[in-house]
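When reading the values below, keep in mind they use all heavy atoms of this one structure, side chains included, and skip hydrogens, waters and symmetry mates. Keep in mind it's a predicted model, so treat the numbers as computed, not measured.
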Amino acid sequence: MPGNPMRSTAMKAKSRSYQHSVEMSAGLCAGLGAGCAAHRLWGQRLAHSRTTEKLQREYDAVVIGAGHNGLVAAAYLQQAGLRTAVLEKRHVLGGAAVTEEIVPGFKFSRASYLLSLLRPQIYAELELQRHGLRVLPRDPYSFTPLLEDRSPPRSLLMGHDMAQTQQQIAQFSQKDAQAYPKYEAFMGCLVSAINPLLDAPPADTAALGQGSLLQRLRALWPLLQTGLAVGRQLPHFYEVLTAPISKILDHWFESEPLKATLATDAVIGAMSSPHTPGSGYVLLHHVMGELEGQRGAWGYVAGGMGALSQSIARAAATRGAHIFTEKAVCRVLLGTDGQAQGIVLQDGTEVRSKVVLSNASPQITFLELTPKEQLPEDFVRRIQQLDTRSPVTKINADLYPITAAPSTSTVRTHTFCTRPTPRLPMGTPPAALDPGLAPPGCHVVSLFTQYTPYELAGGQLWDEKTRNAYADTVFDCIEAYAPGFKASVIGRDILTPPDLERIFGLPGGNIFHGGMSLDQLYFTRPAPSYSTYQTPVPGLYLCGSGAHPGGGVMGAAGRNAAQVVLRDFRRLRWRQ
């Protein structure tokens, strides 16, 4: 990825321990004032706002990792009466859903940056709005500019007003404009059918051969609900799940700009192309969310994604959960009977508990924190062989106001993508809707880019030079669509797959804790016979994105895992 680090008069490169590229000028700090005197990350100050309890040596439940799923699980467990502690190794809560002040005065949703998939039950049951969550809907939600030899160049702007979206599509195809509402209705039907599967553990295949007929039917009930909802659409549903999304879109549409825009959701975070079989499910996964009752809607969290994590943490803490940052777990504590009995911190402190839930990835949970001799060999092999390839490099940039092309104002407030190229820059500048993220007149932008491998050609590793060269290439691409963009950049934070792995614990940099291909979903996530949040170690549960139903800021894995833990607790008490 050729190129050189950005330069600016009165601007000096400043290195940081986590090796991201941030450049800021002393003149900027003097001029902007607010925030520049703060040397601690904004997210760090937020994190400590709830950490007022002293760590006890015994709890009913300990959650490893304060990602959003771990916090959700803790809230439900504590609400049910289990004394629960959450232990986070970083200085800030939220896992990948964090807000951090990388450059003074500019607050970034450093990793995940949009909200849609969070389950509506969690909004309501944890009263997240009461605990400070405010979402700013993104409408229009998609902007696709085209580089054409015509004046003015065309673009495709899509939003929730169907008539306006159809008018936009009609620029390229009247036929597609007429077909689009039918396509949306079809996808909505499939999403509605999938919903029951998201909010319950996968059917326990081991239990299907045991118990009464009624018990077996109960185990299969979510699958039966989905089958009944799909009905005669089952063959088409199966095709969407298994086919390349390009095949599905070719069936519905003829215009390339529309197909390219829709196909974006099928490759986000996946080391695959729209022509890869099974990419249709990745698209379904990204359109199954909702905001304020609007299916498929996406929005920005006021205050950045860390504000979402903080609202969940407040919900858990209000119920009595203890939440701690800078408490790194080094291993799960096992009893002589092989059952989880708590955790051991890196400083040697032991915290006992009746159950342990891990919000960490399956790789960290089972290959680093759990003694391998306590795990079946086949299970360990399966975890080692999980596909965690990631194409994602996240670039966060802070900007002066862009003063170039008139169309730039549109580009600043909507997603844009380019096709066909080996890269997929998508930009979202939430400060246009949430001014508190940047000083007056300035912006922050999140660039979610693909495809970048974990290792470069010839086994070369990412370093400052290659990071900056890649970022320069992305910025050159954006400049072609938004002249003046590069000159507006004040500083940037470049997170390649190895950076995402090291900072956020994402295996291979994979934003989903593992590929969302059909062979790694439902019954087989994270491994066959271990998809119900229980693990080979009694008392140890998986509650993160590596469990069903997968990645994204959904909270479903945390909520479902808590339900399983509570069910097991009730059974244990009944036996006693």
I need the Asn69 CG to Ile122 CD1 distance, nearest 0.5 Å. 7.5 Å
Does a donor on one side chain sit under 3.5 Å from an acceptor on the other, for Thr452 and Thr393? yes
Do side-chain atoms of Thr524 reach the backbone of Leu521 as a donor and acceptor pair under 3.5 angstrom? yes
By side chain to side chain contact (heavy atoms under 4.5 Å, CB included) - contacts of Pro391 (at least two apart): Met271, Gln450, Tyr451
Return the minimal non-hydrogen interatomic distance between Val301 and Leu308, and the atom names on each side. CG1-N, 3.8 Å
Considering residues, nucleotides and ligands other than Gln121, do more than 12 of their heavy atoms fall under 6.0 Å from its CD? yes
Is there a side-chain contact between Leu284 and Leu241 (heavy atoms, below 4.5 Å)? yes
Nearest heavy-atom approach of Pro528 to Arg382 is CD-CD, 3.6 Å
For Ser531 and Tyr522, the nearest pair of non-hydrogen atoms, with its separation, is CB-O, 3.2 Å
Between Arg525 and Ser545, is there a donor-acceptor pair closer than 3.5 Å when you use the side chain of the first and the backbone of the second? yes
Check step by step if side-chain contact (heavy atoms from CB on, under 4.5 Å) holds for Val230 and His236. CA-CA 9 Å; Val230 171; His236 300 293; over 6 Å; no
Value for CD1 (Ile395) from CZ (Arg467), rounded to nearest 0.5 Å, stands at 11.5 Å
Close side-chain approach of Gln294 to Pro137, heavy-atom, < 4.5 Å: no
Could you please spell out the steps behind the side-chain contact (heavy atoms from CB on, under 4.5 Å) verdict for Asp250 and Lys259? CA-CA 8 Å; Asp250 284 343; Lys259 289 191 287 186; 2.7 Å; yes
Val191 side chain near Ile194 side chain, heavy-atom distance below 4.5 Å: no
Within this structure, what is the OH-CD1 distance for the pair Tyr123 and Ile312, rounded to the nearest 0.5 Å? 9.0 Å
Check whether any side-chain heavy atom of Leu114 sits under 4.5 Å from a side-chain heavy atom of Tyr300, and report yes or no. yes
Considering all heavy atoms, the nearest Thr261-Ser142 contact: CG2-OG, 3.2 Å
So do Thr144 and Tyr481 actually touch side chain to side chain, heavy atoms under 4.5 Å? no
With a 3.5 Å distance limit and no angle check, can you tell me whether Ser279 reaches the backbone of His275 through a side-chain donor-acceptor pair? no
When the ring planes of Tyr533 and His548 are compared, do they come out parallel, tilted or perpendicular, using 30° and 60° as the limits? tilted
Look up atom NE2 in His513 and atom OG1 in Thr388, then write down how far apart they are to the nearest 0.5 Å. 11.0 Å
Contact check, side chains of Arg389 and Asn510, non-hydrogen atoms, under 4.5 Å: no
Test side-chain contact (heavy atoms from CB on, under 4.5 Å) on Arg559 and Glu125; report intermediate values, then the result. CA-CA 10 Å; Arg559 181 175 181 268; Glu125 294 166 355; 3.1 Å; yes
Take the angle between the ring planes of Phe106 and Phe108 and call it parallel below 30°, perpendicular above 60°, tilted in between. parallel
Which value, rounded to the nearest 0.5 Å, describes the distance between Leu399 atom CG and Ile490 atom CD1? 7.0 Å
Closer than 3.5 angstrom, by distance alone: can the side chain of Thr264 be matched with the main-chain N or O of Ala260 as a donor-acceptor pair? yes
Can Tyr470 and Thr449 be counted as having a side-chain donor-acceptor contact under 3.5 angstrom? yes
Under the 3.5 angstrom rule, does the side chain of Trp462 hit a backbone N or O of Pro453 as a donor-acceptor pair? yes
For Ser192, side chain to side chain contact (heavy atoms under 4.5 Å, CB included) partners two or more places apart: none
Non-neighbouring partners of Arg154 that pass side chain to side chain contact (heavy atoms under 4.5 Å, CB included), sequence neighbours left out: Leu146, Glu148, Arg150, Gln171, Phe172
Only residue of Asp493, Val103, Ile494 satisfying side chain to side chain contact (heavy atoms under 4.5 Å, CB included) with Asn396 is Asp493
Given 3.5 Å as the limit, does a donor-acceptor pair link the side chain of Gln166 with the main chain of Ala177, or not? yes
Going by the angle between their ring planes, with limits at 30° and 60°, are Tyr183 and Phe253 parallel, tilted or perpendicular? perpendicular
What closest approach, in Å, do Tyr113 and Phe448 show between heavy atoms, and which atom pair accounts for it? OH-CB, 3.3 Å
Quick test of your reading: applying salt bridge (charged side-chain N to carboxylate O under 4.0 Å, His left out), list the pairs with at least one residue in residues 542-558, sequence neighbours left out, ordered by first then second residue. none
List the steps, then state whether salt bridge (Lys or Arg N to Asp or Glu O under 4.0 Å) holds for Arg502 with Asp499. CA-CA 5 Å; Arg502 174 172 43 83; Asp499 299 317; 2.6 Å; yes
Are the side chain of Asp387 and the backbone N or O of Gly515 linked by a donor-acceptor pair below 3.5 Å? no
Arg110 and its side chain to side chain contact (heavy atoms under 4.5 Å, CB included) partner, picked from Thr99, Ile102, Leu500: Ile102
Test: salt bridge (charged side-chain N to carboxylate O under 4.0 Å, His left out). Region: residues 264-280. Which pairs qualify, not counting sequence neighbours? none
Step by step, would you call Met305 with His68 a side-chain contact (heavy atoms from CB on, under 4.5 Å)? CA-CA 10 Å; Met305 289 297 285; His68 79 281; over 6 Å; no
Evaluate the side chain to side chain donor-acceptor pair (under 3.5 Å) criterion for residues Asp476 and Thr473: first the C-alpha distance (whole Å), next the side-chain angles of each, then the deciding distance (0.1 Å), finally the verdict. CA-CA 5 Å; Asp476 287 341; Thr473 301; 5.5 Å; no
Return yes if some donor-acceptor pair links the side-chain N/O of His286 with the main-chain N/O of Val282 below 3.5 Å, else return no. yes
Under a 3.5 Å distance rule, please check whether Ser116 uses its side chain to pair with a backbone N or O of Ala297 as donor and acceptor. yes
Any non-hydrogen side-chain atom of Lys394 less than 4.5 Å from a side-chain atom of Ser446? yes
Can you classify the ring geometry of Tyr141 versus His160 as parallel (below 30°), tilted (30 to 60°) or perpendicular (above 60°)? tilted
Within-4.5 Å side-chain heavy-atom neighbours: His285 and Leu117: yes
Sequence neighbours left out, what pairs pass salt bridge (charged side-chain N to carboxylate O under 4.0 Å, His left out) with at least one residue falling in residues 184-200? Arg119-Asp199, Glu184-Arg295
Distance from Leu249 atom CG to Glu256 atom CD, nearest 0.5 Å? 10.0 Å
Is Thr165 reaching over with its side chain to a backbone N or O of Met158, donor-acceptor style, under 3.5 angstrom? no
Give me the atom names and distance for the closest heavy-atom approach of Leu198 to Ala556. O-CB, 3.6 Å
